[in-house]
Amino acid sequence: MADQRDILLDVEDVKIYYPVAGKKFGTADYVKAVDGVSFEVRRGEVFGIVGESGCGKSTLGRGICKLERPTSGKIILDGEDISTYHDKQMRPVRKKVQMVFQDPYASLNPRMSVFDIIAEPMIIHKLVKDKAQMEERVLDLLRRVGLDDYHANRYPHEFSGGQRQRIGIARALAVQPSLIIADEPVSALDVSIQAQVLNLMNKLKKEFHLTYIFVAHDLSVVEHISDRVGVMYLGNFVEVGNKESLYTSPLHPYTQALLSAVPVPDPTAKKERVILEGSIPSPLNPPKGCKFHTRCPKAMECCKTEAPKRYQVSEDHYVYCHLYDDINKKNNL
Ligand code: SF4
């Protein structure tokens with residue numbers, strides 16, 4: 001169990017629902033994009049969130065920094081409960097938590113030079129006292145993300161995808177945040193460039209004492225960078241564990257299926273592929289009981305009606321699945 005002082009972010013039972021028009025006048029159905037998620041992020045770690053597209057992982061990332069308004073639940077950042085903060089209250093908090101997006105081109109203003117893009121957040125948050133200090137800091141950030149001084153006067157369209165992501169990272173670093181939420185930051189890049197950007201993020205993490213939440217659908221990418229990993233399915237975590245334990249001994253049938261599809265470097269190595277039947281059900285009308293039961297190869301009768309509890313399997317590894325009911329009975333939980 002992590003010491004409370006080591007916890008940078010504490011997310012408690014967060015739900016993010018979107019109302020959609022109901023069948024009858026006056027009623028509303030809800031898309032349950034995030035459906036009661038709890039987890040902690042420790043200072044200095046990389047917490048990976050992985051799952052198929054539509055599982056709610058990006059919505060959760062955006063909800064933590066309040067780009068999406070959570071319907072309920074608590075978000076405690078560095079001891080401060082920001083759950084109900086409105087935009088004005090969030091302004092100073094935005095200095096602590098920054099996002100890096102999948103498509104840096106869409107998130108960089110095409111009419112602004114790279115210098116202005118990186119300088120803008122420093123000006124908004126009053127982090128520089130004069131022009132000379134601003135120039136020094138912008139050029140320092142450019143060098144730290146592997147770009148050159150002359151790039152400062154260029155515009156986003158003059159850069160490759162990988163370079164644009166470096167600019168997006170420099171912009172996020174400009175306010176000296178403690179937490180960066182990276183939402184699929186390398187999935188739009190070629191594989192060789194992906195590795196460069198991941199290595200850069202690792203280097204910057206050490207240099208700036210950062211903590212990351214790294215959201216991605218690619219299990220290999222998440223494995224490369226994360227210390228702990230949460231696997232999401234239909235708006236909930238199904239398993240959370242430290243990387244070694246989760247990747248070598250996955251417990252949840254969904255995690256096992258996802259990992260069985262990851263190619264291994266040795267083509268002669270035997271690996272049994274678990275093929276999941278059907279597609280992800282709609283978050284508008286998720287299955288009762290365990291939400292995974294309609295696709296689970298190990299589903300039992302109880303899975304159709306009872307949502308599984310959280311079962312702590314080892315100190316840093318827990319799972320939501322009835323297959324582990326006995327563990328709780330043994331531990332008297
Ligand atoms: Fe499968 Fe049941 Fe476990 Fe859900 S609770 S993952 S349906 S065995």
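Atoms within each ligand, like the ligands themselves, are counted from 1 in listed order. These numbers come from a predicted model, not from an experiment.
- Listed by number with element, the atoms of ligand 1 under 4.0 angstrom from any heavy atom of His252 are 6 (S).
- Between the side chain of Asn199 and the main chain of Ala195, a donor-acceptor pair closer than 3.5 Å is present.
- Of the protein's non-hydrogen atoms, Cys296 SG, 2.4 Å is the one closest to atom 1 (Fe) of ligand 1.
- Atom 5 (S) of ligand 1 has as its closest protein heavy atom His322 N, 3.2 Å.
- Contact annotation: the side chain of Arg295 approaches that of Leu276 to within less than 4.5 Å [non-hydrogen atoms, C-beta and beyond].
- With respect to the salt-bridge test (charged N to carboxylate O, under 4.0 angstrom), the residues Glu68 and Arg62 qualify.
- Cys321 lies close to atom 3 (Fe) of ligand 1, since one of its N, O or S atoms is found at a distance under 2.8 Å.
- In this structure, Tyr311 has its ring center no closer than 6.0 Å to that of Tyr320.
- Looking only at distances, no side-chain donor or acceptor of Glu244 sits under 3.5 Å from a matching main-chain atom of Tyr247.
- Counting heavy atoms from C-beta on, the side chains of Leu210 and Leu173 come closer than 4.5 Å.
- Remark: ligand 1 atoms within the under-4.0 Å shell around heavy atoms of Pro253 are 6 (S).
- Of all atoms in ligand 1, listed by their number and element, those nearer than 4.0 Å to a heavy atom of Cys303 are 2 (Fe), 5 (S), 7 (S), 8 (S).
- In terms of protein heavy atoms, atom 4 (Fe) of ligand 1 is closest to Cys290 SG, 2.3 Å.
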